[in-house]
Number of protein chains: 2
Amino acid sequence: MEGELDRTLRAHGHRVTQPRRAVWRALQAGSGHRTVDEIATSVAAIGDEIDTASLYRTLALFEELGLARVSRLGDRDAGRWELAHPDEHFHLVCQQCGDVDHHVGTLVAQIREHVEGDHGFAADQIELVVNGRCAGCQQAAVS
Amino acid sequence: MEGELDRTLRAHGHRVTQPRRAVWRALQAGSGHRTVDEIATSVAAIGDEIDTASLYRTLALFEELGLARVSRLGDRDAGRWELAHPDEHFHLVCQQCGDVDHHVGTLVAQIREHVEGDHGFAADQIELVVNGRCAGCQQAAVS
DNA sequence: GTGGCTGCAAACATTTTGCATAACT
DNA sequence: AGTTATGCAAAATGTTTGCAGCCAC
């Protein structure tokens with residue numbers, strides 16, 4: 001469904017270009033939580049090409065339009081991008097296998113209620129990152 | 001109490017040096033959530049001096065020893081360091097005034113239970129960053 | 001045709017690393 | 001004395017910016 005990108009871009013007076021479409025498709029393809037580098041590779045795999053600078057600009061635009069989201073997972077390295085989904089979610093980062101799991105649940109809604117109720121804080125975006133060891137790696141450690 | 005630093009360092013076979021003491025004192029001084037640059041300035045203010053590379057190495061060591069913690073607050077820029085406190089806590093980042101509030105509560109413990117119970121995930125460190133507008137800025141917007 | 005968008009290259013900021021010297025134990 | 005930690009400089013990494021030409025509108 002290419003419609004959403006085109007519609008959103010035009011609605012805000014931005015142009016629909018080949019690079020933007022390519023990035024959009026690349027984001028759809030993968031399973032989220034990709035670095036800029038990975039997205040560039042993904043774009044290349046589709047047969048397109050995009051310059052790093054343009055990629056950053058495109059992602060920044062997507063974020064501004066609410067089409068994508070970036071999160072810096074607790075650790076050191078680079079920002080990771082994913083398509084924006086309506087549901088609130090949180091990340092489980094396994095320190096051992098490096099896997100990043102993506103969970104949707106009521107947890108984030110509970111957090112929102114808590115900070116709004118107890119602290120009078122208008123929560124806009126909630127980023128929850130849990131570092132630890134996933135179920136698989138715990139088993140592996142025992143065996 | 002300078003004892004904690006000395007004790008912890010020696011307990012792990014590390015040396016007690018002037019730069020390490022200076023960084024430790026600088027961390028005690030400020031109110032947490034400082035960038036490497038700010039810590040360096042803080043060290044200089046005490047009358048000491050430390051090279052950036054050493055500062056990074058020192059902070060990495062402190063983290064390894066459980067004396068300090070780093071967090072990349074959702075946004076763009078650099079990592080922010082603070083002393084490790086036993087209590088779990090979370091951050092409220094106001095997008096308007098830029099203030100970073102630091103809250104302790106049962107919330108983080110609840111999160112831990114949730115991911116361990118429902119997802120079999122052994123939570124090691126939980127980083128919760130809430131972006132939004134603080135109570136003060138909400139009032140300011142109304143008036 | 002025109003102004004926004006892209007690609008290229010260079011700048012920037014943050015963090016890491018190699019190595020000779022200094023300092024803790 | 002024997003190492004470990006430091007400072008300096010240089011590199012690595014991730015991201016941003018200036019600008020001439022191109023392309024969607």
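First the proteins, then the strands, lettered A, B, ... as listed; each starts at 1.
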* To do: Kindly say whether B:Glu38 contributes a backbone atom to a donor-acceptor pair with the side chain of B:Thr35 at under 3.5 angstrom?
  =>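 Confirmed, B:Thr35 side chain pairs with B:Glu38 backbone.
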
* Asked: Can you tell me if B:Gln110 uses its side chain to pair, donor with acceptor, with the backbone of A:Gln110 under 3.5 Å?
  -> no

* Given D:dT15, C:dT14, D:dC8, the nucleotide with the shortest approach to the side chain of B:Tyr56 -> C:dT14

Please give, in whole Å, the distance from [N] [atom2] to [X] [atom1]?
X	N	atom1	atom2	answer
A:Ile50	C:dC8	CD1	P	11 Å
A:Arg20	C:dG4	CZ	P	11 Å
B:Arg80	C:dT15	CZ	P	11 Å
B:Asp48	D:dT6	CG	C1'	13 Å
A:Glu49	C:dC5	CD	P	21 Å
B:His12	D:dT4	NE2	C1'	17 Å
A:Arg21	C:dC5	CZ	C1'	14 Å

Does [X] have any side chain to side chain contact (heavy atoms under 4.5 Å, CB included) partners at least two apart in sequence or in another chain, and if so, which?
X	answer
A:Ala44	none
B:Asp118	B:His114
A:Ala26	A:Ile39, A:Ser42, A:Val43, A:Ile46
A:Thr8	A:Glu4, A:His12, A:Leu65, A:Leu67

* Asked: What residues in residues 59-67 of chain B put a non-hydrogen atom under 4.0 Å from any atom of DNA chain D?
  ->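 Those residues whose heavy atoms fall under 4.0 Å from DNA chain D, taken from residues 59-67 of chain B, amount to none.
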
* Asked: Can you name the residues that form a salt bridge (Lys or Arg N to Asp or Glu O under 4.0 Å) with A:Arg112, not counting sequence neighbours?
  ->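 By the salt bridge (Lys or Arg N to Asp or Glu O under 4.0 Å) rule, A:Arg112 matches A:Glu88.
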
* Listed partners of A:Arg15 passing salt bridge (Lys or Arg N to Asp or Glu O under 4.0 Å), at least two apart ->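 Applying salt bridge (Lys or Arg N to Asp or Glu O under 4.0 Å) to A:Arg15 gives none.
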
* To do: Would you tell me if any nitrogen or oxygen in the side chain of A:Ser54 comes within less than 4.0 Å of OP1 or OP2 on C:dC5?
  =>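 So the side-chain polar atoms of A:Ser54 never come under 4.0 Å of the phosphate oxygens OP1 or OP2 of C:dC5.
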
Non-neighbouring partners of [X] that pass side-chain hydrogen bond (donor to acceptor under 3.5 Å, both in side chains), sequence neighbours left out:
X	answer
A:Glu49	none
B:Glu63	none
A:Asp48	A:Gln18

* Report, as a single string ordered 5' to 3', how protein heavy atoms within less than 4.0 Å touch nucleotides 19-25 of chain C: B base, S sugar-phosphate only, - not at all. => ----BBS

* Specify the residues of residues 34-41 of chain A, ordered by number, for which at least one heavy atom lies under 4.0 angstrom from an atom of DNA chain C. =>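 Going residue by residue through residues 34-41 of chain A, none turns out to have a heavy atom under 4.0 Å of DNA chain C.
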
